[in-house]
Amino acid sequence: MGIVVRAETERDAVAVQLVNQAAFGGDQEVRLIRRLRDTDSVAPGLSLVAEENGRVVGHLVLSKARLEREGGETLEILALGPMSVVPSHSHRGIGSRLVRAAIEEARRQGYPAIVVTGYPDYYRRFGFEPAAGRGLSCNLDAPESAVLVLELREGVLAGGGRIVYPSPYEEVF
Ligand SMILES: CC(C)(COP(=O)(O)OP(=O)(O)OC[C@H]1O[C@@H](n2cnc3c(N)ncnc32)[C@H](O)[C@@H]1OP(=O)(O)O)[C@@H](O)C(=O)NCCC(=O)NCCS
């Protein structure tokens with residue numbers, strides 16, 4: 001049977017925790033995800049799991065972030081991650097399936113843009129581009145080159161601004 005990507009349900013909670021612990025080798029991301037849930041920061045329908053033969057082997061969550069545009073307008077955008085695939089199943093395209101499904105659902109829900117902080121070469125293949133190149137800064141303490149954005153509504157990133165991640169990111173990292 002192939003890989004199925006679907007929205008996470010309550011019954012996946014333990015499996016999702018185990019997948020994150022296995023992929024990251026620690027509890028930091030599990031704590032972050034818990035805080036995102038506690039603060040109602042997870043975007044509805046955008047905590048996704050990848051399942052193979054009834055077993056959850058991958059997870060990706062998107063949370064609600066802000067884009068403060070030059071000029072004062074604030075838009076609700078999405079922050080992609082953490083993403084995890086159990087080591088035994090990595091390099092088989094499962095992470096890519098999760099990212100593509102998330103982008104599709106974000107677009108369907110009408111979100112204007114997605115930000116991700118991660119490996120630039122990995123996310124570029126999905127259309128993400130450096131935030132700095134768009135005149136966008138970010139409140140996370142991350143290397144500038146690791147912050148990437150994907151525009152879902154044309155022109156929304158024009159003019160630059162500041163990206164603000166949901167508060168659990170600053171608490172946990
Ligand atoms: C990153 C991760 C989610 C990718 O999942 P995956 O199912 O293996 O992804 P895909 O099969 O779609 O793509 C694999 C590609 O990811 C890229 N990649 C994976 N880990 C990478 C890393 N540490 N640095 C740079 N690129 C990486 C490589 O280009 C790789 O290509 P390859 O298979 O030809 O080597 C998975 O490896 C993982 O859980 N890693 C540990 C947790 C983590 O770092 N998460 C991301 C940060 S939130």
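The first residue of the sequence shown is numbered 1, and numbering continues consecutively from there. Both ligands and their constituent atoms are indexed starting at 1 by order of listing.
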### Task
Please check if a non-hydrogen protein atom sits closer than 4.0 Å to atom 48 (S) of ligand 1.
yes
### Query
Any N/O of M83 closer than 3.5 Å to an N/O of ligand 1?
yes
### Selected option - heavy-atom contact closest to atom 33 (O) of ligand 1, from R92, R125, H91
H91
### Query
Measuring from the heavy atoms of G118, does anything fall under 4.0 Å of ligand 1?
no
### Query
Heavy atoms of the protein only: does one fall short of 4.0 Å from atom 13 (O) of ligand 1?
yes
### Task
Just let me know how R100 lines up against ligand 1, side chain, backbone, both or neither, with a heavy-atom cut-off below 4.0 Å.
neither
### Query
Can you list the steps and then say if L136 with R162 is a side chain to side chain contact (heavy atoms under 4.5 Å, CB included)?
CA-CA 5 Å; L136 295 163; R162 182 166 183 263; over 6 Å; no
### Message
Over 60° means perpendicular and under 30° means parallel, so tell me whether F126 and Y122 are parallel, tilted or perpendicular.
### Response
perpendicular
### Task
Look only at the side chain of E52 and the backbone of V4, and say whether a donor-acceptor pair between them is shorter than 3.5 Å.
no
### Task
Could you pull out the closest heavy-atom pair between Y169 and G81, with the gap in Å?
OH-O, 3.0 Å
### Task
Output the list of atoms in ligand 1 that are nearer than 4.0 Å to some heavy atom of S96, sorted by atom number.
10 (P), 12 (O)
### Query
For atom 38 (C) of ligand 1, which candidate among V19, L60, V85 provides the closest heavy atom?
V85
#### Entry: Close N or O approach (G95, ligand 1; < 3.5 Å)
yes
